[in-house]
Asker: 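Below: one structure in structure tokens.
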Amino acid sequence: GAVVSQHPSRVICKSGTSVKIECRSLDFQATTMFWYRQFPKKSLMLMATSNEGSKATYEQGVEKDKFLINHASLTLSTLTVTSAHPEDSSFYICSARGSWGGYTEAFFGQGTRLTVV
Amino acid sequence: DAKTTQPPSMDCAEGRAANLPCNHSTISGNEYVYWYRQIHSQGPQYIIHGLKNNETNEMASLIITEDRKSSTLILPHATLRDTAVYYCIVRARSLIQGAQKLVFGQGTRLTINP
């Protein structure tokens, strides 16, 4: 299947700082990317959907000013957690989907574990 | 998207077939059944999907009942590496933004025992 790479895989930051997570599609062009958050022993919760070159669509209850999403190219989307606090500690996962010729399946990155201290 | 119901956990012996059920009684005619799995601390991995016919690939088989209200994912010869949370998701296939998103339920935690 197609490869989606996230970086970093693990990050620890101080409370009040911002953290940027990158999501890259390595062998296909991702016109749509999705960002999920997962707390321990819980399922994945969709945060937002982004299309290349346009603003992200956030799910209800997700603060767009806190979780900044940029999808500037067909192979890269970034999620920036601004002014991070301990409650933002979580496992963040991106998913990418291409759109060549029709429907494609979503492929997921390996996830980024964020710990805010 | 239609909701799905899965047992929270299952056990299976290594080398045996693992059969994971999923109920989706409110599925619509244009909705597909997708299966993903998530191994601990990794991103989800696509397994298989189907509409109404049974499907098979190198990873698993998907059996969908004739009324499409339930399905079963079959791992024919389970190994220890198949221990994961398995998610059954029902979704319409669409090129419309937003309609493409995958909404995850709680899934089934499958443990393969030696």
Side-chain angles (χ1 to χ4, degrees), chain A residues 1-7 9-10 21 23 25 30-60 62 71 90-114, chain B residues 1 3-9 20 22 30-51 55-60 62 73 81 83-111:
Chain A
V3 178
V4 176
S5 177
Q6 265 185 259
H7 178 80
S9 58
R10 188 181 296 268
I21 302 170
C23 179
S25 56
T31 53
T32 304
M33 286 190 173
F34 307 88
W35 286 94
Y36 293 82
R37 180 168 55 180
Q38 185 176 33
F39 292 107
K41 298 189 184 299
K42 299 293 185 181
S43 187
L44 285 79
M45 185 179 70
L46 181 65
M47 299 174 67
T49 302
S50 72
N51 285 313
E52 183 263 338
S54 62
K55 289 184 178 180
T57 301
Y58 289 81
E59 295 298 305
Q60 191 172 11
V62 178
H71 191 167
S90 188
F91 192 51
Y92 292 87
I93 306 167
C94 73
S95 172
R97 182 191 305 273
S99 63
W100 57 96
Y103 311 114
T104 61
E105 308 320 320
F107 297 96
F108 288 81
Q110 70 270 40
T112 297
R113 186 162 301 284
L114 170 64
Chain B
D1 291 339
K3 289 187 176 179
T4 61
T5 304
Q6 298 177 253
S9 64
L20 293 94
C22 180
N30 66 337
E31 289 180 317
Y32 287 69
V33 180
Y34 286 80
W35 283 84
Y36 284 79
R37 73 179 182 184
Q38 185 179 25
I39 295 171
H40 182 62
S41 294
Q42 296 183 24
Q45 176 188 22
Y46 166 80
I47 301 174
I48 200 168
H49 76 276
L51 181 62
E55 302 288 344
T56 295
N57 62 21
E58 65 278 4
M59 289 183 68
L62 174 61
L73 178 74
R81 288 179 292 183
T83 292
V85 178
Y86 287 75
Y87 295 99
C88 169
I89 301 169
V90 172
R91 181 181 66 85
R93 302 184 93 189
S94 172
L95 293 174
I96 300 173
Q97 179 188 359
Q100 302 176 25
K101 61 186 179 182
L102 290 170
V103 179
F104 287 78
Q106 296 306 307
T108 295
R109 185 172 298 275
L110 175 67
T111 302

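To find a chain, count down the sequence lines: A is the first, B the second, and so on, and within it residues start at 1.
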Asker: Below 4.5 Å, heavy-atom pairs only: which of B/Gly107, B/Gly43, B/Gly105, B/Pro44 has the largest tally toward chain A?
Answerer: B/Pro44
Asker: Taking side-chain hydrogen bond (donor to acceptor under 3.5 Å, both in side chains) as the definition, give me every residue that meets it alongside B/Trp35, ordered by chain and number, with sequence neighbours left out.
Answerer: none
Asker: Any pair with a residue in residues 41-50 of chain A that passes salt bridge (charged side-chain N to carboxylate O under 4.0 Å, His left out), sequence neighbours left out, goes on the list, sorted by first then second residue, please.
Answerer: none
Asker: So for A/Leu46, is it side chain, backbone, both, or neither that comes closer than 4.5 Å to the heavy atoms of chain B?
Answerer: side chain
Asker: Is the centre of the A/Phe108 ring less than 6.0 Å from the centre of the B/Tyr87 ring?
Answerer: no
Asker: Is a donor on one side and an acceptor on the other found under 3.5 Å between the side chain of B/Thr4 and the backbone of B/Ile89?
Answerer: no
Asker: Quick one: which of B/Phe104, B/Tyr36, B/Tyr46 has the most heavy-atom pairs under 4.5 Å with chain A, could you say?
Answerer: B/Phe104
Asker: Between B/Tyr34 and B/Arg91, is there a cation-pi geometry (under 6.0 Å to ring centre, at most 45° from the normal)?
Answerer: yes
Asker: Using non-hydrogen atoms and a 4.5 Å limit, figure out which bit of B/His49 sits close to chain A: side chain, backbone, both or neither.
Answerer: side chain
Asker: Of the backbone (N, CA, C, O) and the side chain (C-beta and beyond), which part of A/Gln6 lies under 4.5 Å from a heavy atom of chain B, both, or neither?
Answerer: neither
